[in-house]
Structures are given as structure tokens and as C-alpha cells.
Amino acid sequence: MHDGAYASVNLPLHHWAYDAIERLTAMGVIDRAMVVAKPYSRKQAAKYVARAIQRIRSDEVEIDGREAVAEPLLDRLMKELGPELVSLGAVDPPREAKAGTPMVRYGARLQVEGDAFSVGHGTVRLRENSMGQYYANGEQVQSDLRAWIEFADALAVSVNPKYISNVDALGLGATSNDKNAYMQEFNAKVTVANIALQIGRGSLWWGPGYRGSLLLTDHAFPLDMIQLGSDESFKLPWVFKSLGDWKINTFLTQLERDRDFSRANVFGLRLSYLPASWLELGFTRLTQFGGRGSNQSFPKTVIDAYSNQPNQSGANEVNEQAMFDFRARIPKVDYLVPFPAGMQFYGEIGSEDKWSKVPLPSRAAVLGGIYIPQVFQGDSLDLRIEYADTDLTRRKTGDSSLANTWYNNSVYQSGMRYRGFSLGHWMGTDGIDLFIRNTRYLTEAVQLGVNLDLSERARGQAVHEKKREWGMDLTWWISSRAQFTVGYTYQRISNPGQITSINPFVETFSNGVVSSNHLLSTNMVVQF
């Protein structure tokens with residue numbers, strides 16, 4: 001199998017391939033995969049699939065019931081990533097294909113969504129992990145075309161223009177927007193010797209959480225940024241080679257104009273480490289600095305922040321967050337882990353400001369979950385349970401002065417947010433969230449998903465929001481190039497919140513109001 005890194009476009013967040021690869025990794029069909037930091041490239045995804053094919057051919061994966069789930073998923077992934085698998089030498093090219101690797105590769109993905117939202121109180125409601133969108137009363141249609149091209153293993157370019165019929169459903173400001181068409185994402189990536197330089201607009205999801213992550217998700221509108229890091233995992237040289245696989249990611253972005261420090265900057269660093277095939281570790285740090293009226297500059301301010309004591313005041317004061325995370329796979333153990341493919345558990349521990357206290361920082365937030373990729377032998381039912389908490393320290397200590405801490409800052413009063421939406425978990429400050437989800441394949445081409453979400457937001461305030469949510473979705477893979485999804489969600493929300501200012505950030509809650517929301521969505525994806 002051929003190796004080496006070349007420029008390859010990234011899979012968009014929430015592409016079905018991420019769930020498929022995570023499930024195969026949790027089942028032990030794919031090993032040595034670093035799946036926590038997303039997005040990753042089509043080439044990297046293909047390498048994971050190629051590894052699974054290699055292990056199956058060499059009888060490293062037992063026939064023990066896992067194939068009921070693994071075989072359909074691998075078949076679908078092989079069709080999706082066929083050109084990349086051919087270039088890796090993992091599969092043979094089609095008979096009609098020309099010999100050799102083409103100098104130019106290209107493709108496109110058209111997505112059309114039709115929605116009918118009934119928001120019971122007010123006109124809009126935040127839409128979690130949807131690139132700065134809201135649920136807005138009424139019907140709407142949105143479509144986006146993601147087109148990409150790769151040149152001679154060195155340059156990969158993707159563009160993602162979008163049209164949305166209801167401008168109130170897009171959160172470019174605190175409550176409204178006036179653009180129907182806009183550029184949702186665009187990216188140019190140059191890769192040389194596994195070092196990738198990317199420039200453009202996009203979203204990052206750094207953390208193992210499924211429903212959210214403490215520091216970086218795609219809840220906010222995509223960021224305009226420069227990224228530099230390793231495109232794929234690597235090993236250290238010399239005697240350190242046996243330590244395992246590593247990956248480094250960094251980005252630098254400039255936030256919006258309408259905030260307390262106009263065009264403030266955020267620098268992010270993530271170090272991922274795979275010491276064993278069953279364990280992935282990660283450390284992430286975000287530093288917010290600069291902006292109009294500040295004399296801070298890059299990289300000096302970031303270097304000073306990394307080397308100084310925590311919470312420095314004056315010219316060196318910055319807004320920081322840090323996070324340690326892990327993902328671990330536990331194989332089947334009789335009477336202890338009775339599930340046929342074992343289980344995966346994962347977690348995040350976050351610190352608002354520097355990590356000045358161990359093991360839990362003084363302003364801690366946590367996220368934890370378990371994922372069972374196959375509940376019953378020979379069946380495709382899975383189960384995920386995830387809990388997140390940014391209200392831990394206030395509740396644990398009873399200290400009311402620790403309320404309203406996460407994603408906020410006394411100096412940068414617009415907080416660690418972009419256009420009003422937190423960069424991390426959608427529930428925001430002083431929140432708790434319990435999420436449960438099952439999926440099951442009714443046939444090899446039809447998947448049913450059911451989920452329950454219980455959350456509270458801004459629990460440090462006298463009046464705060466409580467939400468009970470139930471939803472279901474049905475996805476039909478019409479062919480290897482087309483899929484259709486229909487979903488329904490019901491929300492019952494007490495004291496619903498509404499962003500009323502982003503400079504500084506303010507969210508207001510409607511005391512005594514109970515809102516029932518009905519959210520119906522349809523989605524069609526066609527690839528070329």
C-alpha cells in the first residue's frame with residue numbers, strides 16, 4: 001500500500017463518513033486512527049478505510065457478529081473514497097479507468113434542505129451546531145454547493161457558496177441578517193512533506209464530543225483563518241519512534257468588527273497523541289488577544305501568554321481556555337463489558353483561563369460520554385450517552401462569583417464568541433446537557449435515529465432556560481452518490497433565551513414563558 005501525504009480536500013463536518021469511521025474504530029475494525037480533531041482530509045479517511053481492508057484480508061478481524069455492521073459501512077466508504085483508495089493501492093482501479101494517478105482531481109456535493117419550523121415564542125431559536133443559524137418561524141429552503149479540485153498532489157481548493165431563502169434563519173448578527181446568498185466556506189490547502197498550510201473560511205471541531213465540545217465546534221459561523229500543522233499523523237524520529245503517533249494543529253483567526261475589541265484575534269493549538277491503538281489523547285489551548293485599542297501583536301503576545309504566570313493583568317492580559325481530552329476503546333469482557341464489539345468512552349476537562357489547579361482547574365468544565373457501537377450480537381443498534389457541564393465549579397463550590405464564567409471575560413466582554421455564538425459548546429455558560437441517541441439500520445440502505453436531549457442554560461442567573469427535546473431522523477442512501485434525510489424535533493422550553501447584544505454579550509430570558517417548538521426538516525445530498 002502506497003504511503004505519503006499529499007494535498008487533499010477536507011471532508012465537511014457532519015459528513016456521514018465521520019460517524020462511519022468512528023463506529024468502525026470503536027468496534028476495533030479500524031485501528032490506530034486519530035479521529036478526534038476534525039475536519040480531516042478525504043485522503044486521511046481513505047487511509048483509515050484502507051487499514052480496515054488490510055486487517056480484514058490478513059484475518060486480524062474475527063468473524064464474530066461485527067460484520068453485520070462493518071460490512072455495509074465499509075462498502076459505502078469504499079464507494080465514497082474510491083479514487084483515494086485506488087491511489088493508495090488498497091483497491092484495484094475500475095477497468096475503464098486510465099492507468100496512473102491523474103494530475104487534477106475534482107468533485108462536487110450539492111445539498112438542498114427544505115424546512116418547516118414552528119417556534120412557539122418569539123421569531124427565532126438558536127440552532128445547535130449549524131454554523132451560526134437559527135430556527136426561524138415558517139418555511140425555508142437552503143442549498144449549498146461544495147466544489148473541490150486538487151492539483152498535482154500539492155494544492156487542494158474547495159468552495160462552498162450557500163443560498164438561504166429566509167434571512168432570519170442565519171445568525172450573522174445577534175438576531176437578524178440581510179443576506180440570502182453568501183460564501184459559507186472556502187479553503188486553499190498546500191501540503192509539503194506532511195506540513196499543511198490552509199487559508200480560508202471554515203469550521204473546526206476539536207474534541208471527542210458528539211453533541212458538542214468545550215472549546216471548538218461549528219456552532220458559530222465559520223471562521224476566516226490561517227491554519228498550519230501536520231496533515232496526517234507522524235512518528236517522532238530515532239528512539240522516540242516507538243512512543244506512538246502524533247499530530248499538531250494550529251490556527252489564527254480574526255473575529256468580527258462589532259465587538260468590544262474590534263477584530264480581536266484567537267490563536268489555537270492542538271496536540272493529539274496516540275500512544276496505543278485503543279487510546280487517543282489530546283490537549284487544546286485557545287488564546288484571545290489584540291484587537292482595536294490593544295497594543296498586542298502576534299506572535300509575541302501568544303509567546304508571552306504561554307511563558308507567564310496565569311491571569312496576568314495590564315498589557316499582557318489575554319483571554320484563554322485550555323482542554324485535555326481522551327478517547328478509549330474497551331473490548332468485550334464477559335460480565336463487565338458484555339457488548340459484542342466492546343465500547344468506547346471519552347471525555348473532556350476544560351479550564352477557563354490557565355490550568356492553575358490540579359486535577360480539576362479552578363474554573364472547570366467537563367464533558368463525558370460512552371458509545372456502544374453494537375448493543376446486540378449480529379444487530380446494528382448502537383447507543384450513545386453524553387453529558388456536558390459548564391456549571392460545575394459554581395455548583396460544586398456554591399460561590400456565586402464563579403457564575404457566568406465560561407466563554408466570558410472581564411476584559412474581552414464579547415467573550416470567546418463569534419457573532420454572538422460561542423466557539424465551543426452550544427449551551428454556553430453555566431449550562432448542563434444530557435444527550436442520548438440510538439441508531440439502527442432498518443435495511444442496509446435505510447438508517448433510523450432517535451435522540452433525547454435535556455439541557456439547562458445560564459443556570460447562574462435567577463431566571464434561566466430549561467429544554468426538553470425529542471427527535472428522530474430517517475436517512476435513505478438512494479445510491480452511492482445520493483442520500484435523503486427527513487427529521488422531526490419537538491422542543492419544550494421554559495424561560496427561552498434570546499441574544500440581545502453581542503457588544504458586550506447579553507442574553508435575556510423570558511420569565512414564566514413556556515415554548516413548544518415543532519421542527520421538520522428534509523435534506524437531499526447528491527455528489528458528482
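Under 4.0 Å is where a charged nitrogen must lie from a carboxylate oxygen, and between E507 and R457 at least one such pair does. In summary, R292 and D260 do not engage in a salt bridge, as defined by a charged side-chain N under 4.0 Å from a carboxylate O. Contact check on D75 versus K79 returns a salt bridge, with a Lys/Arg side-chain nitrogen under 4.0 Å from an Asp/Glu carboxylate oxygen. Salt bridge status for K43 with D231: absent, with no side-chain N to carboxylate O gap under 4.0 Å.
Without hydrogens or angle criteria, T429 side chain to A458 main chain gives no donor-acceptor distance under 3.5 Å. Of the possible polar contacts, none joining the Q447 side chain to the T475 backbone as a donor-acceptor pair under 3.5 Å is found. Looking at Q288, its side chain does come within 3.5 Å of a backbone N or O of G415 through a donor-acceptor pair. Of the possible polar contacts, one joining the R66 side chain to the M27 backbone as a donor-acceptor pair under 3.5 Å is found. A donor-acceptor pair under 3.5 Å is formed between the side chain of D389 and the backbone N or O of D391. Between the side chain of R201 and the main chain of L223, no donor-acceptor pair closer than 3.5 Å is present. Checking side-chain atoms of Y18 against main-chain N and O of L11 turns up a donor-acceptor pair under 3.5 Å. For the pair D218 (side chain) and M131 (backbone), a donor-acceptor distance under 3.5 Å is absent. Put simply, the side chain of R327 never gets that close to the backbone of V36: no donor and acceptor are under 3.5 Å apart. Without hydrogens or angle criteria, S41 side chain to Q44 main chain gives a donor-acceptor distance under 3.5 Å.
Seen from the ring of F221, R419 counts as a face-on cation partner, given the 6.0 Å and 45° thresholds. A cation-pi arrangement is present between R384 and Y371, with the terminal nitrogen or guanidinium carbon under 6.0 Å from the aromatic centre and inside a 45° cone about the axis. Remark: R417 qualifies as a cation-pi partner of F505 under the 6.0 Å distance and 45° angle criteria applied to the six-membered ring. Cation-pi contact between R363 and W406: absent, since separation from the ring centre below 6.0 Å together with deviation from the ring axis within 45° is not met. The cationic atom of R285 (NZ for Lys, CZ for Arg) lies less than 6.0 Å from the six-membered ring centre of Y306 and within 45° of the ring axis.
In this structure, N129 and H14 approach most closely via the heavy-atom pair O-NE2, 3.6 Å.
A distance of 6.0 Å or more separates the ring centres of F283 and Y273. Aromatic rings of F267 and F298 (six-membered ring for Trp) have centroids within the 6.0 Å cut-off, being under it. Between F251 and W206, the ring center distance clears the sub-6.0 Å criterion.
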Practice prompt. Walk me through it: do D325 and R270 pass the test salt bridge (Lys or Arg N to Asp or Glu O under 4.0 Å)?
Written response: CA-CA 11 Å; D325 61 75; R270 178 173 177 85; 2.8 Å; yes

Discussion item. Is there a side-chain contact (heavy atoms from CB on, under 4.5 Å) between I226 and L197? Walk through the geometry before answering.
Written reply: CA-CA 7 Å; I226 300 174; L197 172 66; 4.0 Å; yes

Worksheet item: For L215 and H425, what are the C-alpha separation, side-chain angles and deciding distance, and is it a side-chain contact (heavy atoms from CB on, under 4.5 Å)?
Response: CA-CA 7 Å; L215 264 57; H425 204 289; over 6 Å; no

Practice prompt. Evaluate the criterion side-chain contact (heavy atoms from CB on, under 4.5 Å) for residue pair T390 and T405; output intermediate values, then yes/no.
Written response: CA-CA 9 Å; T390 57; T405 296; over 6 Å; no

Discussion item. Apply ring pair (Phe, Tyr, Trp, His ring centres under 6.0 Å) to residues F186 and W148 and explain how you reach the verdict.
Written reply: CA-CA 10 Å; F186 60 88; W148 57 269; over 10 Å; no

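Taken from CD in E185 to CG in D224, the straight-line distance is 10.5 Å, to the nearest 0.5 Å.
No side-chain donor-acceptor contact under 3.5 Å links R42 and S8.
Among the candidates V318, V266, N319, the single residue satisfying the side chain to side chain contact (heavy atoms under 4.5 Å, CB included) test with T287 is V318.
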